[in-house]
Amino acid sequence: MFSGSQKSQQGISLVTTIIVVSLLTTFSVVTISLVISNNKISANHFESTQAFWLAESGLERCLYWLQNQDPTTAGTSPFTQFEEVAAGNGTYTVVIDPDDQNDNTYLKRYLLRSTGTIATISRQLEVLVSMNTFSKYIYATGDEGIGTIWFTTGDMISGPMHSNDQIAISGSPVFSGRVTSSAASFLEGSGYNPTFAEGYQLNAPQVIFPTGSEIMNNYNSMNSDPPPLVIDANGSKHAEIVFNTDGTITYNVYHWSGRWWRRHKVYDVPNTTVPLSGLNGMIKVEGDVYIEGTVNGDITLYATDDIYITDDIKYLDSGTNGEPNSGCDDMLGIISEGDVIVAYTTPNQNDVIIDGAVLALGNSFTVESYYWGSPRGYIHLWGALGQKIRGPVGTSGHWGGTGYLKDYNYDDRFLSSNPPYFPTTGGYEISSWREVVN
């Protein structure tokens, strides 16, 4: 038999055992619950991440679709472009909301809303995209030209730069803006040591060079009346345009008469002066044209043949070397279906200043007789430069060089505006990105 003390101890042990078992049971239940809860959290997080990337996929597909629309999507009413498209374990839906001003401009903007869904979890992303123009680049080429044209020591390229072709670099040129190329590598020449201040990207998407008709389409999409100023310099005729400080231009049309040793100008259209403000943002020259002067206004010059720059062409509101001053509202587009050529003239023998967005659609931006004579200093370009095929502007070598060195500087105003009717690259710029949180 057990004594009273022994019975008491057994009772205490039993109670203790029951308490311990209860605690262990409770702990096990809590642990299992936590594991189940953590598993659910992990599963929810995984599905949420998948939904996010589905939404991203929808945006990428929609942007690709927009870039391949010709003509661009019309109207201003929102529409669903992709609806519950199956992808992975879920779906995505994309709605396109055109900007309310799209019918009044050739530069379209769209708000893209993409929703990715996995099971009961959805995430929505929203981006604002807008067409970009060739004024986006300080330098853009479709082809780097016949033979090898080098960026070399002394060249300074300040601003975004792109080539669809392989870029050749020797020595120590300085690229202050981001450089992109559709090629897989750079061509590295002697003493290769470039500075890429904003980095570079290879295998980048190509830009699409437009035809001359796109400029007139841009004009016509925004204007039914009046037509632009059209200067007829077809055939053997030539046009001259001087930009005046008072906000006017003076132009004429002439042809040469007589033998080459005693030829003289015969004017088909005598000097005529008109205000830029009355030209609706466009001058069209049918044929070639020689230009110079000081631009006081906002205008695009479009020629169906070559454009020759015979002296500085700069903004009224600019510094000594052509840099636009703060608050400058002068803006010039120079677009040729042929070449844009820095002419071999007396004023151009010691530097030349070019303010504006230059685009050579037929071939190149180049220099007349670039391979001959003494060095002519720098091309001080403030704006943007696009050319279908890169043209030479000078030479360099052991015994010195000819033509010009390059001082190309981007006009930051082109990030938010551009010369009238300046053509697009076929691409879109993402202006803003956000996740919509309900």
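None of the values given here were measured: they were computed from a predicted structure. Throughout, residue positions are numbered sequentially from 1 according to the sequence presented.
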Heavy-atom donor-acceptor pair, [X] side chain to [Y] backbone, under 3.5 Å:
X	Y	result
Ser181	Leu202	no
Ser364	Thr366	no
Asp165	Glu144	yes
Asn348	Thr345	no
Gln387	Gly391	yes
Thr248	Asn244	no
Asn271	Asn252	no
Asn164	Ser182	no
Trp382	Ile353	no
Glu56	Phe52	no

Mind checking the [atom1]-[atom2] spacing from [X] to [Y]? Nearest 0.5 Å is all I need.
X	Y	atom1	atom2	result
Ile335	Leu359	CD1	CG	5.5 Å
Gln81	Leu66	CD	CG	8.0 Å
Ile241	Leu301	CD1	CG	5.0 Å
Leu107	Glu429	CG	CD	12.5 Å
His162	Lys136	NE2	NZ	9.0 Å
Lys406	His380	NZ	NE2	13.5 Å

Item to check | side-chain hydrogen bond (donor to acceptor under 3.5 Å, both in side chains) evaluation trace for Thr115 with Gln124 | outcome: CA-CA 4 Å; Thr115 304; Gln124 186 177 85; 3.0 Å; yes
Is there a donor-acceptor contact under 3.5 Å linking the side chains of [X] and [Y]?
X	Y	result
Asn217	Glu214	no
Tyr421	Asn223	yes
Thr304	Glu286	no
Ser176	Ser158	no
Ser163	Thr141	yes
Tyr308	Glu368	no
Ser190	Ser170	no

Item to check | Non-neighbouring partners of Asn102 that pass side chain to side chain donor-acceptor pair (under 3.5 Å), sequence neighbours left out | outcome: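 Listed in chain order: nothing, the list is empty.
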Next on the checklist: Once side chain to side chain donor-acceptor pair (under 3.5 Å) is applied, do any residues pair with Ser114, and if so which ones, sequence neighbours excluded?
Outcome noted: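 Checked Ser114 against side chain to side chain donor-acceptor pair (under 3.5 Å); zero matches.
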For the residue pair [X] and [Y], is the inter-centroid distance of their aromatic rings smaller than 6.0 Å?
X	Y	answer
Tyr106	Tyr219	no
Tyr404	Tyr378	no
Phe175	Phe151	yes

NZ/NE/NH1/NH2 to OD/OE distance under 4.0 Å, [X] and [Y]:
X	Y	answer
Arg390	Asp143	no
Glu240	Lys265	yes
Lys314	Asp312	no

Between [Y] and [X], is there a side-chain heavy-atom distance shorter than 4.5 Å?
X	Y	result
Ile167	Met161	yes
Tyr110	Leu63	no
Ile157	Tyr410	no

Checklist entry - Should Tyr344 and Tyr370 be marked as a ring pair (Phe, Tyr, Trp, His ring centres under 6.0 Å) after you check the CA-CA gap, both sets of side-chain angles, and the distance that decides it? => result CA-CA 9 Å; Tyr344 189 80; Tyr370 70 89; over 10 Å; no
Next on the checklist: Applying side-chain contact (heavy atoms from CB on, under 4.5 Å) to Leu128 and Ile430, what does each step give before you reach the verdict?
Outcome noted: CA-CA 6 Å; Leu128 179 64; Ile430 295 177; over 6 Å; no
Item to check | Trp256 and Tyr254 aromatic ring geometry - parallel, tilted or perpendicular at 30°/60° bounds | outcome: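 Geometry flag for Trp256 against Tyr254: perpendicular rings.
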Item to check | side-chain contact (heavy atoms from CB on, under 4.5 Å) partner of Pro324, chosen from Asp329, Asp411, Asp412 | outcome: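 Result: among Asp329, Asp411, Asp412, Asp411 is the only option passing the side-chain contact (heavy atoms from CB on, under 4.5 Å) with Pro324.
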Item to check | Arg123 and Ser48: CA distance, side-chain angles, deciding distance, side-chain hydrogen bond (donor to acceptor under 3.5 Å, both in side chains) verdict | outcome: CA-CA 7 Å; Arg123 294 182 68 174; Ser48 177; 3.1 Å; yes
Checklist entry - Should Tyr428 and Tyr64 be marked as a ring pair (Phe, Tyr, Trp, His ring centres under 6.0 Å) after you check the CA-CA gap, both sets of side-chain angles, and the distance that decides it? => result CA-CA 9 Å; Tyr428 283 81; Tyr64 178 81; over 10 Å; no
Next on the checklist: Apply side-chain contact (heavy atoms from CB on, under 4.5 Å) to residues Asp407 and Met156 and explain how you reach the verdict.
Outcome noted: CA-CA 5 Å; Asp407 177 26; Met156 297 173 288; 4.0 Å; yes
